[in-house]
Amino acid sequence: MFPSGVGIDEFTHELDRLEKVSRFAEMPRNLFDEGPHLVSTSDLPWGDAVREQSVTAYLRFIHGETWITGGGAREMETGIVGWLGGLFGASAPAGFITAGGSESNMCAILTAKQRSGRKGGSVVFPDNGHYSLYKLCKMFDLDAIPVPAPPGRLDQVDPAAIEAAIRPDTIAIIATAGTWAYGSVDPIAEIGEIAQRYNLYLHVDAAFGGYILPFLERSGYDPAIPPWDFRVPAVCSISADLHKNGMAPPPAGTLVFRDESLLRSAKEICPPNGTMSGTRGAGPIAGAWAMVKLLGEAGYTAVSRASMGLRDRLADGVRQIDGLSVYPGSRINMVLIHSETMDLRPVADALRAQGWMFAARAVPSPVGIVVVPMPHNDGQVEPFLADLRDTVALATPLEAELDPASLEKVSSYGF
Ligand SMILES: Cc1ncc(COP(=O)(O)O)c(C=O)c1O
């Protein structure tokens with residue numbers, strides 16, 4: 001029946017095995033951050049219905065691309081960008097759907113490069129910026145100028161230090177709204193003033209924060225979020241990931257420009273769409289569009305509040321465990337668990353052995369455990385805390401001198 005090397009039974013068996021290896025069915029214990037995560041939870045009245053519609057839309061567009069049959073997908077993309085850009089405070093936003101935060105950041109900095117008219121140059125950003133910022137500088141032959149955090153506060157940056165790092169060949173500053181893995185928001189209004197003074201392109205990496213911060217602010221959950229979007233006049237572009245807090249199936253991110261003229265520059269350097277890729281699948285765009293249409297502002301607000309409710313319970317529980325701390329500064333659904341006195345590496349290993357999925361990183365040294373609660377984790381906060389309480393006994397006293405080779409192995413996503 002199938003002209004293949006394997007029979008259908010063998011094929012199905014292998015597919016089952018690969019699905020199991022991927023651990024999709026264990027999603028409630030997945031405290032990592034990429035979607036589609038929106039599944040039944042007592043907090044959200046629509047249960048699985050929205051996610052199912054997103055999967056249906058994805059399937060209906062699965063053969064689509066963004067060229068000849070791209071009419072529908074391009075309309076969806078314009079619709080998402082217009083809606084989100086409006087929430088970000090732009091009156092005439094423009095942009096496109098990308099494969100995620102890395103591609104969005106790349107396209108933004110290529111646009112900055114195009115606008116600068118320079119061949120090379122440098123890019124200034126706080127050193128807690130995502131690794132995709134370092135990567136894009138390498139790819140595009142730009143010098144990365146990471147600005148160190150002030151002592152003792154890895155989540156922060158001093159705007160004066162940003163200004164001091166600017167060189168005559170600097171083409172852009174990148175700030176972050178929702179840092180990985182602190183959840184902090186950089187002082188973007190202050191950085192914006194600097195960008196204006198030096199006539200620099202300012203890009204905001206809100207890959208993580210972009211689909212949660214507006215809803216927390218507009219619903220009054222956190223009215224004191226410092227300004228970070230197009231309301232800061234210098235901000236030229238913003239990355240915001242649909243496949244993170246946008247709850248959409250991957251790969252899907254948004255790059256929103258303040259206006260059409262910036263999108264034109266993006267298209268000049270990356271013709272014809274401004275994106276890194278040529279052909280893009282229409283499935284992810286349709287899946288994301290379904291989320292945006294069906295959730296809308298009210299839905300995303302409910303999702304954001306549900307995520308933050310879980311975050312608060314989790315963070316409170318962690319703080320009650322002797323020796324554990326939650327890194328300060330998070331304004332979103334990101335909790336970085338660490339210890340000033342203990343080496344938590346055995347704890348991270350034991351939690352993973354119990355089936356929990358999360359990211360770990362070597363900063364703050366020797367390990368930070370990163371958990372990102374989302375609505376699908378409803379019901380899992382207390383079991384996670386119970387396991388954390390039990391496994392913390394495995395922690396060893398923190399040695400003054402840590403072997404750098406042993407730390408290299410720490411950063412991982414648990415596979
Ligand atoms: C702040 C930030 N920027 C960029 C990215 C990169 O996103 P992606 O993995 O979708 O390319 C991430 C991913 O976690 C992130 O947290």
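Counting starts at 1 for both ligands and their atoms, following the listed order. FYI, side chains are in, hydrogens and waters are out, and symmetry mates aren't considered; it's all heavy atoms of this structure.
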Using a strict cut-off of 4.0 Å, indicate which atoms of ligand 1 neighbour a heavy atom of Trp180.
16 (O)

With a cut-off of 4.0 Å, which atoms of ligand 1 are near a heavy atom of Phe208?
16 (O)

Nearest non-hydrogen contact to atom 4 (C) of ligand 1 from the set Lys244, Met106, His130 belongs to His130

Is the number of heavy atoms from other residues, nucleotides or ligands within 6.0 Å of CG (Asn199) greater than 12?
no

Residues Glu77 and Arg280 bridged, charged N to O under 4.0 Å
yes

Counting from 1, what ligand 1 atoms have a heavy atom of Asp241 closer than 4.0 Å?
7 (O), 10 (O)

Closest to atom 3 (N) of ligand 1 (heavy atoms only, candidates Asp33, Asp205, Asn105) is Asp205

Between ligand 1 and Ser102, is the shortest N or O to N or O distance under 3.5 Å?
yes

If you measure every N or O of Ala99 against every N or O of ligand 1, does any of those distances drop under 3.5 Å?
no

Heavy atom under 4.0 Å from ligand 1: found in Glu103's side chain, backbone, both, or neither?
neither

Taking the side chain as everything from C-beta on, heavy atoms only, tell me whether Asn245 gets closer than 4.5 Å to Met374.
yes

Residues passing the salt bridge (charged side-chain N to carboxylate O under 4.0 Å, His left out) test with Arg345, sequence neighbours excluded, are Asp343

